[in-house]
Amino acid sequence: MLRALEKGADGVCVIGCMEGECLYKTGNFRARKRVEQVQRILQSIGADPGRARMYNLSSSDGPLFAKYAGEMDAQIRELGPNPMKKKKQSAA
Amino acid sequence: MIVADKKPVEEIIEYVKDSKKILVLGCNECVTVCEAGGKKEVGVLAATLRMYFSNQGKEDVQVDERTLERQCDHEYLEEIRDIADQYDAIVSIACGVGIQFTAEKYHSIPVYPGVNTCFLGVTEQRGLWTERCQACGQCILAYTGGICPVARCAKRLFNGPCGGSSKGKCEINKELDCAWQLIIDRLKAIDRMDLYEKLFNVKDWSTDRAGGPRKVEREDVQI
């Protein structure tokens, strides 16, 4: 997640299985903790924590996936481009 | 193992904010297990610092990553001998031992701590580490059912619980087990309550930290 944001991704969305239905038992709970950790890190360096988000849905839930993707899209459009991307481009 | 906890990133930034080339140095041992200073944490801290400097418009600051097998042994610390001089700051996220040994070996490079070293302890569950040993230098676990009153009794008592022990808990914190209750329960379980009758002599604390920095010197393994 941090690598993607560092390289200029405008946002990172992690989608896990429904809570309690993860094949790896606690994998999606651990993923949520990591997303929260990334949000705290972003906040600590003055970046917007909203650039990282976590959703849970079932693999058969296409419409919900589309809804979440739309939400994430709206969120990062509101935040604007990742400032690190702009700086990397100007440095190049 | 030695248990450490991550320092707030704001504190680490304060140490290195004026540096131009920084090495984040991890350790593959205890701090990896307690998720404070291993390869994964090196990657997270280095990425965080790079993003911080980028946000500050300091695109020229370079933050590199390296994780050594151990930072408390000469041979592993020597692995960065060829590159260490390139850096004007090293952030070590090994325990305090590793941080100090790195600073000793690379005398002219500032070495900053990226963790707070806490105690010698165990992993009770993921994300929960608790203290077990204070390295007092004179182990008495043979007489206390394998439970240490030095590390686990708030008063370091040697001859049974104090009056503050209530329902198996310590008076300083109702969630903290009374070490002597644990000892008695364990001595009963191994049928060695006779040991509870043994009176301890006054402990020789000269082997503890009170005597200053300690050393173990073994001629049988020295070359």
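Naming: A, B, ... by sequence-line order, numbering from 1 per chain.
For K40(B), the part lying near chain A is the side chain, with the backbone staying farther off; criterion is any non-hydrogen pair under 4.5 Å. Contacts of L49(B) with chain A are absent, with no heavy-atom separation under 4.5 Å from either backbone or side chain.
Cation-pi geometry between K21(B) and Y87(B) is satisfied (NZ or CZ under 6.0 Å from the ring centre, within 45° of the ring normal).
In terms of heavy-atom pairs under 4.5 angstrom with chain B, the leader among Q37(A), R40(A), R3(A) is R3(A). Of the listed residues (R30(A), M1(A), K33(A)), the greatest number of heavy-atom pairs within a distance under 4.5 Å of chain B belongs to R30(A).
Heavy atoms from other residues, nucleotides or ligands lying under 6.0 Å from CG of D191(B) number 12 at most.
Within the structure, every pair that satisfies the side chain to side chain donor-acceptor pair (under 3.5 Å) test and touches residues 90-103 of chain B, not counting sequence neighbours, is listed here: Q71(B)-S92(B), Q71(B)-T102(B).
A donor atom on one side chain and an acceptor atom on the other are not found under 3.5 Å apart for K20(B) and Q62(B).
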